[in-house]
Amino acid sequence: MSAIRSALIIGGGIAGPVTATALRMAGIEGRVFEAYPGPAHNIGSTLGFAANGLAALDLIGAGDAVRKVAQPIRHQVMSLGHKHIEMPSLQDVEPLQIVERSDLHRALHDHAVAAGVDFSYDKRLVSVDEHAGGVTAHFADGTSATADILIGTDGIKSKVRTLIDPNAPTANYTGLLGFGASVECSVAVPSDTMYFAFGKNAYYLYSAMPDGRIGWGANLPNAEYLSMSQARAIPNEQWLRTLRETYGQDTPGGEFARNTAPEDLVVIGGMHIMPPVPNWYRGRMVLVGDAVHAPSNSTGQGASQAVESAVQLARCLRDFDDPATAFATYERIRRPRVERIAERGAKINHGKTMGPVMRRMMPVVMPLAAKAMKLEETMRREQSYVIDWDAPVNERSELVWA
Ligand SMILES: Cc1cc2nc3c(=O)[nH]c(=O)nc-3n(C[C@H](O)[C@H](O)[C@H](O)COP(=O)(O)OP(=O)(O)OC[C@H]3O[C@@H](n4cnc5c(N)ncnc54)[C@H](O)[C@@H]3O)c2cc1C
């Protein structure tokens, strides 16, 4: 049993509650501190949970709570104008589950609370003191909290990352602005199929929602970076005009853009990819999730990787007495897998920002590219990864590449 008894977990998104629940299983009390005033605050849109992420959630007993609010996707189709190419599906692997973000956050939060995890809201971390007895977090409201270790699950713009290393890299802009919406539409979309569509001017994706509407997401190429708040300062009506111009000639993208009501448009802003982070930990502080490895939304793996890392960190903290060895082992287990997935995301993003000539060549290029990328092998490597919670971790164990 570890000598580490308590943890401050900064950020109550996806990695935060999962880390806290997994730590409980390891005999460590983790308290979650979230900057927003409450759970699932203004996050909108949907997210796909892959089989590997669900398998990691099963280890903390939260998998079924997520499946209950999710919709399984058994077919994934690449749509290039009128040409549809079904992507290989792994028969022996659980299908992707599409879930509303607010439902996901609520499910993970409620599961953590039921496991005894304490959440505090309106707690924005501003600074940290490390001392012989532990680590103290200071929050913007003037309060503070102390524990043996501090875990940064504070997302892509992580404060903890810069406290660990003031020279840490920041996330790169992918050149794409994100939008999500649900829309009434005449197009028939099977309930178990997700479409990834390379339109005339830009990429979008869509699937049917349980209530019969279509959920669609747009990736709009835009040279200028806009943060979420900068993008939200522009009225939704104006964004819809841009989306209608961009997707107007696409089928069914044009209909989605024309039918989307301003109040149903969720503006996400600039989408990011995290370059490799040199220092995952320092002293009593360590990073989990997007704070250290955001592999781009294009991989559909960000949340699943966050959950895997949360569980693996808990295993390491369970089996090592000192934070330094636990954190080093955690990094060694996780870094190769998450960086490989991020590399794949960068390649896909390149495809999403291509020019009109390349776009016209897509029907020819895409099947060849899928073959070259060994798509089925890659999917299997990513999605059939299952963590063995009960296996003890040692300094040589689990050099699983992934
Ligand atoms: C458009 C889009 C689509 C995506 N689609 C998918 C998908 O289909 N599948 C998938 O697996 N992934 C997807 N992702 C990625 C996924 O959303 C992330 O990987 C996931 O949210 C990471 O979880 P996290 O807990 O690490 O970070 P977050 O979910 O960002 O949570 C971080 C939390 O920390 C809080 N916080 C930040 N700073 C502080 C502070 N100083 N003090 C206290 N709290 C703080 C934040 O308020 C937030 O609640 C997508 C991302 C985008 C942008």
Side-chain angles (χ1 to χ4, degrees), residues 8-20 32-54 56-57 66 70 73 76 96-101 104-105 108-109 119-128 137-141 145 150-163 171 174 176-180 194 196 204-205 207 215 217-220 228 231 266-274 287-310 338 341-342 345 382-383:
L8 307 174
I9 298 167
I10 309 300
I14 295 171
V18 175
T19 304
V32 179
F33 298 87
E34 165 59 44
Y36 274 123
H41 181 85
N42 191 23
I43 46 173
S45 203
T46 57
L47 180 142
F49 238 97
N52 52 302
L54 290 158
L57 285 181
V66 172
I73 295 290
Q76 300 190 35
L96 183 74
Q97 299 277 355
I98 300 289
V99 59
E100 293 276 341
R101 266 177 197 269
L104 173 67
H105 278 223
L108 297 178
H109 166 270
F119 283 76
S120 301
Y121 292 98
D122 260 329
K123 297 286 176 194
R124 180 168 293 281
L125 179 82
V126 288
S127 64
V128 163
H138 300 281
F139 301 102
D141 65 357
L150 181 145
I151 304 174
T153 54
D154 50 346
I156 195 126
K157 295 189 174 166
S158 173
K159 176 75 184 174
V160 180
R161 188 171 66 228
T162 61
L163 293 171
T174 56
L176 298 161
L177 299 179
F179 301 85
M194 169 78 86
F196 303 92
Y204 63 104
L205 74 172
S207 62
N219 287 184
L220 184 74
M228 183 190 277
V266 179
V267 178
I268 296 159
M271 296 199 290
H272 304 95
I273 186 165
M274 206 50 221
L287 299 167
V288 173
D290 271 12
V292 66
H293 53 61
S296 165
N297 64 304
S298 299
T299 63
Q301 276 286 338
S304 294
Q305 291 310 307
V307 170
E308 283 183 6
S309 284
V338 296
I341 293 172
E382 289 183 6
Q383 294 175 23

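Fair warning: this is a prediction, and the values are worked out from it, not measured in the lab. Order of listing sets the numbers, starting from 1, for every ligand and every atom in it.
Counting heavy atoms from C-beta on, the side chains of Arg161 and Asp154 never come closer than 4.5 Å. Put simply, the side chain of Asp141 reaches to within 4.5 Å of the side chain of Lys123, judged on heavy atoms. Side-chain contact check for His272 versus Lys157: some heavy-atom pair is nearer than 4.5 Å. Taking the side chain as every heavy atom from C-beta outward, Asn297 and Ile268 never approach each other to under 4.5 Å. Contact check for Glu34 versus Phe119: no side-chain heavy atoms found under the 4.5 Å cut-off. Residues Leu108 and Val66 meet the side-chain proximity criterion, which asks for heavy atoms closer than 4.5 Å. With contacts defined as side-chain heavy-atom distances shorter than 4.5 Å, the pair Leu163/Leu125 qualifies. Under the 4.5 Å side-chain criterion, counting only non-hydrogen atoms from C-beta, Ile98 is in contact with Met194.
At under 3.5 Å, a nitrogen or oxygen of Ala15, whether backbone or side chain, sits near a nitrogen or oxygen of ligand 1. Any N or O atom pair closer than 3.5 Å counts here, and Glu34 shares at least one such pair with ligand 1. The shortest N or O to N or O distance between Ile14 and ligand 1 is below 3.5 Å. Residue contacts with ligand 1: Gly16 is placed with no nitrogen or oxygen under 3.5 Å of a nitrogen or oxygen of the ligand (distance criterion only).
Heavy-atom proximity to Tyr36, at under 4.0 Å, picks out these atoms of ligand 1: 47 (O). Near Phe33, with a cut-off below 4.0 Å to any heavy atom, the atoms of ligand 1 are 43 (C), 44 (N). Residue Lys123 approaches ligand 1 through these ligand atoms, each under 4.0 Å from one of its heavy atoms: 42 (N), 43 (C). Shown in contact with Thr153 at under 4.0 Å from a heavy atom are these atoms of ligand 1, numbered in order with element: 32 (C), 33 (C), 34 (O). The ligand atoms of ligand 1 that sit less than 4.0 angstrom from a heavy atom of Gln301 are 10 (C), 11 (O). Heavy-atom proximity to Asn297, at under 4.0 Å, picks out these atoms of ligand 1: 2 (C), 3 (C), 4 (C), 50 (C), 51 (C), 52 (C). Close contacts between ligand 1 and Gly289 involve ligand atoms 26 (O) [criterion: under 4.0 Å to a heavy atom]. The atoms of ligand 1 that sit less than 4.0 Å from any heavy atom of Ser304 are 11 (O).
Using modelled atom types, no side-chain atom of Ser304 and backbone atom of Gln301 make a donor-acceptor pair closer than 3.5 Å. With Thr153 contributing its side chain and Gly11 its backbone, the two residues share a donor-acceptor pair below 3.5 Å. Between the side chain of Thr46 and the backbone N or O of Val99, no donor-acceptor pair lies under 3.5 Å.
For atom 26 (O) of ligand 1, the nearest protein heavy atom (residue, atom name, distance) is Asp290 N, 2.9 Å. For atom 8 (O) of ligand 1, the closest non-hydrogen atom of the protein is Gly48 N, 2.8 Å. Summary of contacts: the protein heavy atom closest to atom 40 (C) of ligand 1 is Leu125 N, 3.7 Å. Looking only at protein heavy atoms, the nearest one to atom 12 (N) of ligand 1 is Ala303 N, 3.3 Å. Gly13 CA, 3.5 Å is the protein heavy atom nearest to atom 31 (O) of ligand 1. Atom 53 (C) of ligand 1 has as its closest protein heavy atom Ile268 CG2, 4.1 Å. From the protein, the heavy atom lying nearest to atom 44 (N) of ligand 1 is Ala35 N, 3.1 Å.
Here the shortest heavy-atom pairing between Ala137 and Val128 reads CA-CG2, 4.4 Å. Residues Ala15 and Val288 share a closest heavy-atom pair of CB-CG1, 4.0 Å. Listed here is the closest heavy atom pair of Val267 and Ala231: CG1-CB, 3.5 Å.
Under the 30°/60° scheme for interplanar angles, the aromatic rings of Tyr121 and His109 are found to be tilted.
Comparing Leu47, Asp154, Thr46 against atom 37 (C) of ligand 1, the shortest heavy-atom distance belongs to Asp154. When Met271, Arg101, Gln97 are ranked by how near their heavy atoms come to atom 51 (C) of ligand 1, first place goes to Arg101. Remark: among candidates Gly302, Gly269, Gly11, the nearest residue to atom 15 (C) of ligand 1 is Gly302, based on non-hydrogen atoms. Scanning Gly178, Gly152, Gly217, Gly155 for the heavy atom closest to atom 30 (O) of ligand 1 points to Gly155.
Contacts between Ile156 and ligand 1, counted as non-hydrogen atom pairs separated by less than 4.0 Å, are absent for every part of the residue. In Phe49, neither the side chain nor the backbone holds a heavy atom less than 4.0 Å from any atom of ligand 1.
Using a 4.0 angstrom heavy-atom cutoff, Ala294 does not count as in contact with ligand 1.
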